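Keep in mind that what you see is a predicted model, and the values were worked out from it rather than measured. Lettering of chains follows the sequences in order, A, B, ..., and the numbering in each one begins at 1.
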Amino acid sequence: MPRKSFCVYSHVRHLFLSPVSQYTFSRQISLSPSPNLKTLCSSGQLKEALLQMAILGPEVKFEGYDIILNECVSQRAIREGQRVHTHMIKTCYLPSVYLRTRLIVLYNKCDCLGDAREMFDEMPQRNVVSWTAMISAYSQRGFAFEALNLFVEMLRSDTEPNHFTFATILTSCYGSLGFETGRQIHSIAIKRNYESHMFVGSSLLDMYAKSGRIRDAHGVFHCLPERDVVACTAIISGYAQMGLDEEALKLFRQLQIEGMNSNSVTYASVLTALSGLAALNHGKQVHSHVLRSGQCSYVVLLNSLIDMYSKCGNVCYARRIFDSMPERTCISWNAMLVGYSKHGMAREVLELFKLMREENKVKPDSITYLAVLSGCSHGQLEDMGLEIFYNMVNGKDGIEPDMGHYGCVVDLLGRAGRVEEAFDFIKKMPFVPTAAIWGSLLGSCRVHSNVEIGIIVGQKLLELEPENAGNYVILSNLYASAGKWEDMRNIRDLMQEKAVTKEPGRSWVELDQIVHTFHASDHTHPRREEVAKKVKELSIKFKEDGYVPDLSCVLYDVDEEQKEKVLLGHSEKLALAFGLIATPEGTTIRVIKNLRICVDCHSFAKFVSKLYARTVILRDKNRFHNIVGGVCSCGDYW
DNA sequence: TTAGGGTTAG
């Protein structure tokens, strides 16, 4: 009977009694506070739960605190969480290790790292979970050294780490902490038999991949007894981040055959690789997988698709995705702006930037401004670019220009032929100019034949990066055009002595979902003889129409005939010729080059488009060249 | 109670 009357009474109490009388009632019959708090918390009514907590006073026990703290964690409710903590102190409640750990987690999730540490330091006892929670807090907030110190302290305190601890600490073992630390932790994990644990293994291979040790990463992946979607994604992403795009794609396909599940992160990772390869057809296929899998509402994935389509040369598709997005992050805007910028579509860049500011939902960041400035630079809108830059300098936009933005202005002025102005601008910069900035100006000096400044800048660059062969070549050409033959020879000798051979040129074309790669003077492609013959044939044909090989593009000190032979072996010419042979008349030829396109190949591509009525879309290291009827979207200005 | 993978610039 008492049980029954309690239920009835409880119901009545809930309906009619004031909060104060509820408290009195619960004290009288020693009612457990949990059911009420549980109901309130499970329906997300945190404020009401706190009120109830205040009413219950010292009657709130472990279960009540547990429920309410859980809700605070899931809602990231810091004020409410602090009130719970204060309530514990005021009611002289001594929280267990478990509850104190929940408070550490809460403070961490609410970005109150100091409070989390204070709680950790005050703990009379700690267990592996409290140590791991605190290490995780440091790890997640980017405090790698602090995370490592705590891990070491934990080992010294004779607390045995578990698989959670290893998975956590390994996420900090790259970058500033260095890969050797990761290797040491790997050894500790092996000794404790955690190496093959799925989460530890994923963390390990990710650590190796992020440290550029892709072989070690692959070794860990290979040894995992089981592989889930995270482990597979981590290794694919590792290859993609290293720029090993073909390997990433190959692995993705292989794992798909083996039955790997893909989620939004897997797709985002493989899209990175496809963007690198500019493999549009593969990209479309992944897009359709994404649509079929029902993951097309993830902003991050849509951002990757925007980036993939624009890097594959299809900026219209990118815009379609951008327009269809129900919500956009700053990265969505940046990806679209960068896409337009790389295609030299300065007007579209400015219109989109205007729209971004008018919508005022997402604040532009430093990268937004880099994209806009670089868009103005590539699209020859230097005055507009300068206006935007000086608004930044005057603090009108709340983004302070950094070295990158100053670099864009140097590029902007230099490309526009305002070389002296660019030189003065560098001298007045509030930063010490980097090699990249001087390199940009040297490029402008070459394009606009400013020998005087070019020689000064070239000499500075030789001091800053003596290993870069490109600088020697430009400088020696500048000396040659000034008739300073002795200086020219000295530079050539110096190059032989000091310069490191530059990254070998490589171009590729995607055809029927196969990526055909060509190297300079290729000896590997199965159709190399046919392709080389076609290049020679094209050269003769183009010469009749006015093509003059630009021998200054050749690095080597050889005679003119040899120089022309070297030029004909450039990988982008091979890829263009292959495109002509292997695709039907009238179709667009898409070529990707790993380096900047040389002046001679640019001119050659224009002849291909003009004499064969083909659109040539050529992506080099810096931008797109969309060539139609012999005219390039870059305005011969890159 | 604590844990692993993703996107953007020159």
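- Atom P of nucleotide dG10(B) and atom CG of Asn334(A) are separated by 11 Å, given to the nearest angstrom.
- Comparing atom distances between the Ser304(A) side chain and each of dT1(B), dG5(B), dT7(B) picks out dT7(B) as nearest.
- Side-chain proximity of Val129(A) to the nucleotides dG4(B), dT1(B), dG10(B) is greatest for dT1(B).
- Taking only side-chain nitrogens and oxygens, Lys210(A) comes nearer than 4.0 Å to OP1 or OP2 of dG6(B).
- The listed nucleotides are dA3(B), dT8(B), dT2(B); the one nearest the side chain of Ile331(A) is dT8(B).
- No side-chain donor-acceptor contact under 3.5 Å links Tyr317(A) and His287(A).
- Thr272(A) and Asp245(A) make their closest contact through O-OD1, 4.3 Å (heavy atoms, listed as atom of the first residue, atom of the second, distance).
- Within 4.0 Å of Lys311(A), counting heavy atoms only, lie sugar-phosphate atoms of the nucleic acid but no base atom.
- Between the CG atom of Leu274(A) and the P atom of dT7(B) there is a distance of 13 Å, rounded to whole Å.
- By the 6.0 Å contact criterion, CG on Asp121(A) is enclosed, its count of non-hydrogen atoms from other residues, nucleotides or ligands being greater than 12.
- Between dG10(B), dG6(B), dT2(B), one nucleotide has an atom nearer to the side chain of Ser374(A) than all others, and that is dG10(B).
- Using a 4.0 Å heavy-atom cutoff across all strands shown, Thr165(A) reaches no nucleic acid atom at all.
- Remark: C1' of dT7(B) and CG of Leu337(A) are 15 Å apart, rounded to the nearest angstrom.
- A straight line from CG of Asp365(A) to C1' of dT8(B) spans 8 Å, rounded to a whole angstrom.
- Counted within 6.0 Å of CD on Glu226(A), heavy atoms from surrounding residues, nucleotides or ligands total 12 or fewer; the atom is thus considered open.
- Closest approach of Leu337(A) and Ala371(A) over heavy atoms only: CB-CB, 3.9 Å.
- The interatomic distance linking Met207(A) (CE) with dG4(B) (P) rounds to 15 Å, in whole Å.
- Checked against dT1(B), dT7(B), dA3(B), the side chain of Thr168(A) finds its nearest nucleotide in dA3(B).
- Side-chain nitrogen and oxygen atoms of Gln140(A) include at least one within less than 4.0 Å of the OP1 or OP2 phosphate oxygen of dA3(B).
- Across all strands shown, Gly407(A) has no heavy atoms under 4.0 Å from either base or sugar-phosphate atoms.
- Nucleic acid contact for Met198(A): base, since at least one base atom lies under 4.0 Å from a heavy atom of the residue.
- Heavy atoms of Ser203(A) sit under 4.0 angstrom from primed sugar atoms or phosphate atoms, though from no base atom.
- On a pure distance criterion of 3.5 Å, no polar donor-acceptor pair joins the side chain of Ser269(A) and the base of dG6(B).
- Rounded to whole Å, atom C1' of dG10(B) lies 10 Å from atom NE2 of His405(A).
- Within 4.0 Å (heavy atoms only), Asn127(A) reaches at least one base atom of the nucleic acid.
- Taking atom CG of residue Leu224(A) and atom P of nucleotide dA3(B), one finds them 20 Å apart after rounding to whole Å.
- Between Ser136(A) and dA3(B), a side-chain N or O to OP1/OP2 separation shorter than 4.0 Å is present.
- At the heavy-atom level, Thr368(A) lies nowhere under 4.0 Å from the strands shown.
- When only modelled atom types and interatomic distance are considered, Ser139(A) and Thr171(A) share a side-chain donor-acceptor pair under 3.5 Å.
- Residue contacts shown for Val300(A) include a base, since a base heavy atom lies under 4.0 Å away.
- Salt bridge present: Glu160(A) and Arg192(A) bring a charged side-chain N and a carboxylate O closer than 4.0 Å.
- Nucleic acid contact class of Ala231(A) (heavy atoms, under 4.0 Å, all strands): base.
- One finds no side-chain N or O of Arg100(A) lying less than 4.0 angstrom from the OP1 or OP2 phosphate oxygen of dT1(B).
- Residue Asn263(A) is in base contact, counting any heavy-atom pair closer than 4.0 Å across all strands shown.
- The nearest whole Å value for the distance from the CE atom in Met392(A) to the C1' atom in dG10(B) is 13 Å.
- With hydrogens and angles ignored, no donor-acceptor pair under 3.5 angstrom links the side chain of Asn303(A) to the base of dG6(B).
- No hydrogens or angles were tested; on distance alone, a donor-acceptor pair under 3.5 Å links the side chain of Asp228(A) to the base of dG4(B).
- Look at Lys342(A) and you'll find a side-chain N or O under 4.0 angstrom from OP1 or OP2 of dG10(B).
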